[in-house]
Each structure stands twice: as structure tokens, then as C-alpha cells.
Asks: 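Sharing a structure with you now.
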Amino acid sequence: MALDKYGIAKRIAQELQDGMYVNLGIGIPTLVANYVPQSITVIFQSENGILGMGPYPTEAEVDADLINAGKETVTLIKGAALFDSAESFAMIRAGKIDLTVLGAMEVSENGDIANWKIPGKMVKGMGGAMDLVASAKNIIVAMMHTNPKGESKLLPVCTLPITGLCCVKKIITDLAVLEITADGFLLKEKAPGVSVDEIKSKTLGKLICPPNVPDIQI
Amino acid sequence: MALDKYGIAKRIAQELQDGMYVNLGIGIPTLVANYVPQSITVIFQSENGILGMGPYPTEAEVDADLINAGKETVTLIKGAALFDSAESFAMIRAGKIDLTVLGAMEVSENGDIANWKIPGKMVKGMGGAMDLVASAKNIIVAMMHTNPKGESKLLPVCTLPITGLCCVKKIITDLAVLEITADGFLLKEKAPGVSVDEIKSKTLGKLICPPNVPDIQI
Amino acid sequence: MNKVVSNAQEAINNIQSGATIMLGGFGLNGIPENCIAALVEKGITNLTCISNNAGVDDFGLGLLLQKKQIKKMISSYVGENAEFERQLLQGELEVDLIPQGTLATRIQMAAMGIPAFYTPAGYGTEVAVGKEVRNFNGKPYLMELALHADFAIVKAWKGDTMGNLAFRKTTRNFSTSMAKAGNITIAEVEELVQPGDINPDDVHVAGIYVHRIFQGSHYEKRIEKRTVRMI
Amino acid sequence: MNKVVSNAQEAINNIQSGATIMLGGFGLNGIPENCIAALVEKGITNLTCISNNAGVDDFGLGLLLQKKQIKKMISSYVGENAEFERQLLQGELEVDLIPQGTLATRIQMAAMGIPAFYTPAGYGTEVAVGKEVRNFNGKPYLMELALHADFAIVKAWKGDTMGNLAFRKTTRNFSTSMAKAGNITIAEVEELVQPGDINPDDVHVAGIYVHRIFQGSHYEKRIEKRTVRMI
């Protein structure tokens with residue numbers, strides 16, 4: 001059965017390692033913070049100026065002066081640091097963030113990503129996405145395998161305006177875990193009960209299927 | 001009679017205006033801080049990271065963590081701000097300093113300055129001088145009119161390696177106050193009892209002498 | 001030295017129609033509420049506003065949009081705002097969208113007196129069109145220019161009469177860089193204090209950058225997305 | 001996450017001969033005394049040291065110079081130091097002199113992931129030799145490159161176990177930018193505190209930049225020019 005968004009977030013949380021500094025995009029990526037293993041410490045960055053973002057506040061803790069990049073009220077963990085936007089993107093640009101998790105509209109088989117603009121629709125802007133994808137050492141895309149029309153979001157080349165070139169390292173969808181390789185999308189894991197044929201049929205870009213593809217364990 | 005270094009400093013202090021942010025170089029310029037008129041507030045910057053540098057500390061106030069760019073122990077005025085070297089030179093480069101007072105070995109008639117290197121001698125480095133002269137809006141040079149050998153330091157062109165081009169606005173020496181103009185050094189004031197002929201004889205660069213040159217009043 | 005003005009009206013008094021203004025804040029977080037209200041009241045038009053976002057319909061820069069006072073927005077993310085969308089689609093409003101880090105850094109570079117720098121953000125995208133591409137250590141970068149403004153308007157937590165500013169939590173966002181970059185910088189503060197009341201080690205914006213300062217009033221500090229947990 | 005090491009010896013343990021090291025401080029102000037002592041003790045050589053100054057004969061980087069451990073200094077002002085002068089004149093030591101603001105900013109740009117930028121400092125001087133000159137708004141600028149290092153070693157006032165640093169008075173100088181620029185950053189602190197003990201608003205260097213931290217001991221904090229007034 002395909003994973004739901006919580007399942008995708010749980011699988012991504014398995015990528016976390018102790019001591020990592022992590023930037024989570026809006027949407028499914030934000031959910032990853034809920035599944036950090038108890039045994040490790042992960043520091044979340046928010047690009048509006050937080051290192052050490054904590055969970056949402058209780059009603060009593062709500063502070064209008066403290067929001068995340070999604071403009072939601074948040075809290076700080078002990079040992080948090082605050083800074084301005086210029087400093088925040090300086091650390092992003094300098095490659096200090098260990099892991100970046102983003103949503104996407106399309107990913108190409110060489111790791112290009114499109115996630116900011118649909119021609120003909122109101123363009124809201126790229127926010128910090130272009131900065132993140134241009135500099136992050138390790139980018140995981142969290143998304144559904146297909147768009148609402150059922151069309152593959154894993155393509156030979158992006159059809160939408162791109163956000164960045166050759167930057168995605170791994171994709172975790174409702175159906176599969178895939179790595180970007182020199183030869184295309186490498187199928188690493190599949191959702192339990194989902195067939196490799198279904199993944200093949202929903203992946204338009206070049207897909208490499210090893211003989212045995214293990215199930216995602218969550 | 002020619003001014004001594006205290007006289008030069010006193011004359012420079014007359015250039016200060018209320019609300020100015022001022023950077024004083026090492027040597028005679030440093031003395032200017034002693035002659036700020038009581039009626040005005042001037043904020044001194046030190047390029048190692050102080051805005052609002054105060055006088056030297058009393059013995060009891062000495063703090064090894066608080067020095068100026070000359071590596072001397074100093075104090076802070078109320079309302080001081082501290083920052084790092086990068087920020088300090090950012091504000092210098094952005095032209096936020098209203099007045100910079102520097103020493104010099106040579107100044108040319110078009111406002112070039114040489115004050116960092118003598119070929120054949122041990123070169124200690126330019127410190128912040130090149131940054132200051134490249135960006136300051138208003139540079140006054142405080143120096144003796146001649147070098148220890150009696151040779152003019154106001155030249156047609158600098159003979160020593162230069163620190164910056166066309167940047168000096170005014171020169172205050174033991175003998176005179178001069179402005180840099182498109183036509184050369186313009187004699188504005190002379191030290192009391194010093195003749196215009198003496199200034200002419202000690203100024204190798206082009207000197208413009210108006211009919212009446214008032215005495216420096218200190 | 002007197003930087004203290006009595007209120008927002010006096011602070012923005014010499015801002016004219018056609019001015020370019022940087023306004024601090026991220027979403028509705030840390031926006032200069034008093035000065036925005038004064039700009040609405042003054043009714044000047046044809047403004048170019050540099051701000052990461054464009055407010056919501058009835059708060060923040062949305063108030064200036066409603067009155068059609070803004071000619072052009074320079075932002076990284078807009079459109080939490082129906083009137084904004086309407087004006088944009090009608091061609092009444094120009095928008096220049098810039099990657100958020102590039103926007104923040106272009107402002108910072110103006111504050112640093114650096115006219116141009118290189119960043120990888122946007123390389124290979126439509127943001128790169130018309131820009132110089134240059135390789136350093138085998139990686140392509142775009143040349144980006146410093147972004148200046150006639151005025152910067154920011155809101156800080158505390159400020160002293162010499163113009164030193166301290167911010168609280170995430171309200172620093174674009175405000176610190178903008179405060180340093182404005183040709184004329186106006187700061188409104190929740191609490192105006194005396195020199196010495198802010199620890200010199202904890203000053204976020206040194207007074208040299210701030211030309212006018214006043215204690216604002218009636219801060220609403222509206223929350224855009226109030227998210228809470230149960231326990 | 002464990003960034004805390006027990007002492008300077010452990011902190012510098014993997015620094016090898018030939019390394020490029022940034023060392024914070026301005027003159028003797030805010031220098032990493034414990035780590036310098038450990039580098040002397042370890043005896044590694046052929047070091048390239050990036051530091052605004054080179055210490056004095058018997059303190060600061062002068063201690064490394066005495067042992068001939070430094071191959072090259074990258075500084076803005078040197079020579080409070082007779083041994084330095086001797087080695088330089090004998091050709092035993094290379095020196096690269098850089099305008100102080102350019103030095104500070106090149107380090108800052110490395111910390112910001114910006115490979116190159118433009119500054120007016122040094123235009124028309126011998127510093128400009130071999131550098132690209134480019135005009136912006138009618139003024140000439142030099143292109144300067146980011147300055148990186150294998151290691152950055154800084155000394156802060158307080159630091160917490162997550163690596164967040166706070167500095168006191170003028171000790172920030174080059175240390176904050178260097179701490180952010182080092183491939184590996186080592187911080188020695190006067191007081192090692194727990195997470196939460198430094199107000200997040202007052203952190204000068206966020207923990208993300210710091211890889212190893214320890215509480216130093218026996219700080220001498222020597223004063224180069226003790227100037228006092230009578231009253």
C-alpha cells in the first residue's frame with residue numbers, strides 16, 4: 001500500500017543522524033520533525049533565522065515574535081541561536097546544513113528540481129528554495145510519485161521552470177525510495193504491497209530496478 | 001611659530017561637528033579626541049570593533065578585553081556598540097564614517113596618500129589604512145610639513161608606494177591648513193608667525209596662495 | 001546629536017512619492033506597524049517597496065497595496081494577499097521576485113559597501129537570465145549587485161537615543177541588514193531607552209546606521225499562522 | 001552530538017604539519033592562548049597562519065615563530081616582534097600582507113559561501129597588482145576572493161556544549177568571521193556553559209559553525225599597550 005504523508009515523513013526521519021543540522025521545507029518535510037528517533041539530537045534550521053527550532057508552542061507559549069519560515073508560531077530548544085536572514089542564507093550557502101528536505105513538483109533523472117512556478121498560474125515566488133538547492137550538500141525530495149492528474153513527477157527532464165540543477169540526491173515518495181545516479185533513478189526501496197511494475201509505470205524518467213527491491217520499513 | 005603635535009590636534013578638532021562619527025588614526029590623530037568641544041557629541045570608531053570609544057581607563061577600569069586599533073586599553077562611552085572586524089570595515093567601506101583623520105608620509109597635490117611602506121625598510125603592513133582611504137567621505141591628513149630630513153611631504157606626485165588615490169580632502173600640518181583642489185594645494189590658513197614664503201619653500205607640490213592667508217586660531 | 005523624533009509621522013515626513021523603501025519584517029513578523037500606518041495616512045504613491053513579503057490584505061504592506069500606493073514590489077515570496085494578486089494580474093503592480101538568500105545578501109552587500117558578489121543561487125534558472133555567470137573552483141555562480149534604497153524602515157524591540165538597536169527572537173530577519181543599508185534609516189522601537197541601557201555586546205544594529213528613532217505604540221503583532229500543540 | 005573535548009591537546013589533535021590555520025584575535029586581544037600553547041607543544045611545522053597580527057616575541061603567535069613552526073603568515077599588520085623581522089629578512093618566513101578590511105571580508109565571504117566580491121580598498125596600489133579591476137557606478141573596485149582555512153581556532157568568553165559562542169568587548173574582532181569560515185572550527189572558552197545559558201538573541205557565533213569546544217585555563221590576557229589616565 002502506498003505510504004501516506006506521515007509514512008513518507010517517517011521514512012525520511014530514518015535518514016537523520018545524530019548531530020545533523022537540518023532544514024525542512026513546508027508541507028510533508030515539516031512533519032519529519034515529529035519522528036526524530038529519541039536516541040539522537042538533530043538541530044532544525046529555519047531560514048528566517050533560527051537554529052534549534054522546537055515544536056509548536058502551547059497556547060501559553062505562543063510568542064508573536066517567534067515564527068518559522070512557514071510563518072507558523074514555534075518554540076526554541078535549549079541551546080538555540082537566533083540570527084538574521086542574511087546570516088541564515090550565509091550558512092546555507094556555505095554548505096553548513098547537513099540535510100535539506102524539500103517538496104517538489106517535478107524531479108528529473110539527473111537531479112534537477114522544479115518546485116516554484118507553474119506557467120499560467122499566479123507566481124508567488126521562490127522564497128528560499130533556489131538558495132537551498134544551489135548550496136545544500138544533501139537534498140532529499142519528499143513528494144507524491146504522481147501529480148493529482150496521475151502523471152509522473154519523476155521525469156527525463158523537468159517541464160516546469162526549474163529551481164536548481166543536478167542537486168537532488170534522493171527522493172522519497174508514497175511509492176518508493178529512489179537515489180539519483182549517473183544512470184537515472186535507482187530504485188532502493190518500495191512501499192510494502194506496491195509492485196515494481198506500478199513504480200515503473202509511474203516513473204517517466206529512466207528507472208533502474210535491481211533484482212530485489214526491499215520494502216520500506218517504517 | 002610652527003604648531004606642535006598638540007596644536008595640530010587642536011586645529012583638527014575644529015573640524016568636528018555635532019553627531020559626527022569619526023575614525024582617528026594612530027599618532028597625532030589620536031590626540032584629537034582630547035579637544036572635542038564640550039558643546040558637541042562626537043562618536044569615535046575604532047576599526048577593531050568599537051563605536052563610542054571613550055578615554056583611556058583609570059587603573060581600576062583597565063580591561064584586557066577592551067582595546068583600540070592601536071592596541072591600547074580604552075573605555076566605552078554610554079551608548080557604545082561593539083562588533084567584529086568584518087562589520088567594522090563594512091561600515092567604513094559603506095561610507096558611514098563622517099570623518100577620518102590619518103597620518104601620512106607623503107601627500108600629492110591631487111590627494112594621493114602614501115603612509116604604509118618605505119622601500120628598503122621592514123614593511124609592517126597597511127593595517128586598515130587602505131580600506132579607510134578607499135572609502136572615507138572626508139579624509140584629513142595630520143602630519144608635519146616636512147620629514148626629519150627637512151624635505152617636503154607635500155609633493156607633485158608621491159614617491160613612496162601609495163595607500164590610496166585622490167582621497168585626501170584637507171591637510172593640517174605644523175605650518176598650515178591646506179585643501180586639495182583640482183589645481184593643487186590651496187593654502188587656507190598658516191601657523192601664527194610662519195611666513196607664506198616658508199610654506200612655499202617647504203611645499204614641493206603646486207601651492208595656491210590667496211592674497212590674504214589668515215592665521216590658524218587655536 | 002539628536003536622532004529622536006516624536007512619532008511615525010515625523011519620522012517619515014520627508015519620504016516623497018516615487019521613493020524606494022526597504023521595509024523590515026518576515027511575513028507579519030517584526031514589521032514597522034507605526035510607519036506603515038503613517039505612510040498610508042500620508043498617501044504618497046508610486047513607491048518601490050523592498051520587502052521579503054507583501055503583507056496580507058488588511059495588515060502590513062497590504063494596507064499600502066489597498067490604497068494603490070505601491071508601484072513595484074521587490075520580494076522573494078508574495079501572494080498571501082488577494083488584492084496583491086488582483087493588481088498583479090491587472091498589470092497595476094510590478095513585481096520583481098528574487099531568491100530569498102540573494103535578496104538578503106544583496107541588501108547586506110549594500111550595507112557593506114560591496115557593489116557586487118557571486119552566488120550560486122538561481123544558476124541555470126530563469127533568475128539567471130541576463131546575468132553574468134562565472135566559475136570559481138569549477139562551480140558556476142551568478143554575479144549579483146548590491147541593492148540600495150532611499151529609506152529603510154525597521155522595527156526593533158529596544159532602541160536607545162543614539163540609535164543602537166536590539167531585536168527579539170525572529171524579528172531580526174531582514175531588518176538588521178536593511179537598517180544598515182538604507183540611505184536614511186528610520187527605526188521604530190517598542191521601548192526607547194537611554195544610552196547604556198543596551199549592553200554594547202548585545203547591540204544588533206549600531207547607532208551609526210540609524211538616522212531617526214521613535215518609540216512606537218499600539219503594536220498589534222498579528223500572527224499569520226497561529227499553530228499550537230496540546231501539551 | 002558531542003562537540004566537547006577535554007582540553008587544547010585533544011582539540012588540535014588532528015592538525016598536521018602543513019595545515020592552514022586561521023587564528024582569532026587582534027594583537028594579543030582575544031587570542032586562543034590554550035590552543036597556541038598546544039600547537040607549540042605538538043611541534044607541527046610548515047603552518048600557514050591567517051591572523052591579523054603575529055603576536056609579540058614571547059606571546060601569541062610569537063611562540064610559534066620562535067619554534068619556526070610557521071612557514072607563512074597572512075596578516076594586515078606585523079612586526080611588533082623582533083624574531084618575526086629576523087625570519088622575514090632572512091627569507092625563512094613568507095608574509096602576505098592584506099588590507100585589514102579586505103582580510104576580514106575575505107574571511108567573512110568564505111563563511112558566507114561567496115567565492116568573490118568587489119572592494120575599493122587597494123585600488124591603484126601595489127595590492128592591486130594582478131587583480132581584476134572593475135567599475136561599478138563609475139568607481140573602480142578590485143575583485144577579491146574568499147579566504148578559506150583547514151582549521152579556525154578562536155577564543156570566546158562563553159560557549160555552550162552545542163558550540164554557541166558569545167564574546168566580550170573587543171575580543172570579537174576577527175574571531176567571529178574565522179569561526180564561521182573554518183573547515184573545522186575549534187573554540188576555547190573562558191566558561192563552558194549548558195545549552196540555554198546563553199540567550200539565543202545574544203549568540204555571536206551559532207553552534208553550527210563550531211566542531212570542537214573546551215573550557216580553557218590559565219588565561220594570561222596580556223595587554224600590549226597598557227594606557228591609563230590619572231583621573
Side-chain angles (χ1 to χ4, degrees), chain A residues 30 46-50 53-76 80 82-93 95 112-114 116-117 122-135 161-167, chain C residues 26-30 52-53 75-80 84-85 88-89 95 97-105 107-109 111 119-127 139-142 157 167-177 204 219-231:
Chain A
T30 300
S46 188
E47 63 264 32
N48 61 320
I50 308 174
M53 180 168 51
Y56 293 138
T58 62
E59 195 62 52
E61 289 170 337
V62 168
D63 183 341
D65 287 343
L66 181 57
I67 65 168
N68 65 16
K71 289 148 195 161
E72 301 170 320
T73 46
V74 290
T75 56
L76 300 177
L82 296 161
F83 35 85
D84 65 17
S85 301
E87 168 92 19
S88 185
F89 282 96
M91 67 180 68
I92 288 168
R93 203 186 295 109
D112 296 351
I113 180 173
W116 77 284
K117 182 175 181 176
M122 161 80 186
V123 181
K124 294 192 171 186
M126 65 293 283
M130 284 190 184
D131 306 274
L132 281 161
V133 301
S135 298
I162 65 161
T163 310
L165 295 173
C166 302
C167 52
Chain C
F26 184 92
L28 303 180
N29 188 227
N52 189 54
N53 314 92
S75 304
S76 87
Y77 192 83
V78 294
E80 315 278 15
F84 182 99
E85 192 163 342
L88 183 63
L89 295 174
V95 178
L97 292 171
I98 298 177
Q100 194 172 144
T102 299
L103 179 62
T105 309
I107 295 165
Q108 182 185 17
M109 292 293 156
T119 178
Y123 171 73
T125 77
E126 60 184 62
V127 162
K139 182 172 172 175
Y141 293 81
L142 303 181
W157 176 42
F167 293 76
R168 193 172 167 277
K169 304 290 172 77
T170 51
T171 64
R172 250 184 274 180
N173 53 62
F174 282 79
S175 298
T176 41
S177 298
H204 293 133
Y219 284 105
E220 177 179 339
K221 291 194 184 184
R222 192 183 298 185
I223 292 172
E224 216 158 331
K225 295 185 188 163
R226 187 185 192 89
T227 45
V228 295
R229 72 177 195 276
M230 286 307 113
I231 45 122

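As a basis for the values below, the full set of heavy atoms in this structure was taken, side chains included, without hydrogen atoms, waters or symmetry mates. Order of the sequence lines sets the chain letters (A, B, ...), proteins ahead of strands, with each chain counted from 1.
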Asks: Got a second to check how far A:E87's CD is from C:S177's OG, nearest 0.5 Å?
Replies: 9.5 Å
Asks: Which answer fits C:I98, side chain, backbone, both or neither, if we ask what part of it has an atom under 4.5 Å from a heavy atom of chain A?
Replies: backbone
Asks: With rounding to the nearest 0.5 angstrom, report the NZ to CD1 distance, C:K225 to A:I67.
Replies: 9.5 Å
Asks: So for C:N53, is it side chain, backbone, both, or neither that comes closer than 4.5 Å to the heavy atoms of chain A?
Replies: side chain
Asks: In terms of heavy-atom pairs under 4.5 Å, which option from A:S46, A:G70, A:G49, A:A86 contacts chain C the most?
Replies: A:A86
Asks: Nearest 0.5 angstrom please: A:R93 CZ to C:T119 OG1, how far?
Replies: 4.5 Å
Asks: Where on A:L132 is there a heavy atom nearer than 4.5 Å to chain C: the side chain, the backbone, both, or neither?
Replies: neither
Asks: Given side chains that start at C-beta, do those of C:F26 and A:K71 come closer than 4.5 Å, heavy atoms only?
Replies: yes
Asks: Using heavy-atom distances under 4.5 Å, tell me whether A:N68 contacts chain C through its side chain, its backbone, both, or neither.
Replies: backbone
Asks: Do any N or O atoms from the side chain of C:T227 and from the backbone of A:T73 form a donor-acceptor pair under 3.5 angstrom?
Replies: yes
Asks: Are C:T102 and A:M130 side-chain neighbours, meaning at least one heavy-atom pair lies under 4.5 Å?
Replies: no
Asks: Tell me if a side-chain donor or acceptor on A:T58 pairs with a main-chain N or O of C:V228 at a distance below 3.5 Å.
Replies: no
Asks: Does any heavy atom of chain C fall under 4.5 Å from the side chain of A:E61, the backbone, both, or neither of them?
Replies: side chain
Asks: To the nearest 0.5 Å, what is the distance between CG on A:N48 and CZ on C:R172?
Replies: 11.5 Å
Asks: Please determine if C:E126 and A:K117 form a salt bridge, counting it only when a charged side-chain N lies under 4.0 Å from a carboxylate O.
Replies: yes
Asks: Select one option (side chain, backbone, both, neither) describing which atoms of C:F167 are under 4.5 Å from chain A's heavy atoms.
Replies: neither
Asks: Which atoms of A:V133 are under 4.5 Å from chain C, going by heavy atoms: the side chain, the backbone, both sets, or neither?
Replies: neither
Asks: Please report the shortest heavy-atom distance between A:M126 and C:L97, naming the atom on each side.
Replies: CE-O, 3.8 Å
Asks: Do C:K221 and A:D65 come close enough that some side-chain heavy atom pair is under 4.5 Å?
Replies: yes
Asks: Do you know which of C:A104, C:S76, C:A121 has the most heavy-atom pairs with chain A at a distance under 4.5 angstrom?
Replies: C:S76
Asks: Quick one: closest heavy-atom pair of C:G101 and A:D131, and the distance?
Replies: N-OD2, 2.9 Å
Asks: Considering only heavy atoms and a distance below 4.5 Å, find which of C:M230, C:R226, C:Q108 pairs most often with chain A.
Replies: C:R226
Asks: Heavy-atom distance under 4.5 Å to chain C: side chain of A:T163, backbone, both or neither?
Replies: backbone
Asks: Rounded to the nearest 0.5 Å, what separates atom CG in C:N173 from atom CZ in A:F83?
Replies: 12.0 Å
Asks: To the nearest 0.5 angstrom, please state how far the CG atom of A:D84 sits from the NE2 atom of C:H204.
Replies: 9.0 Å
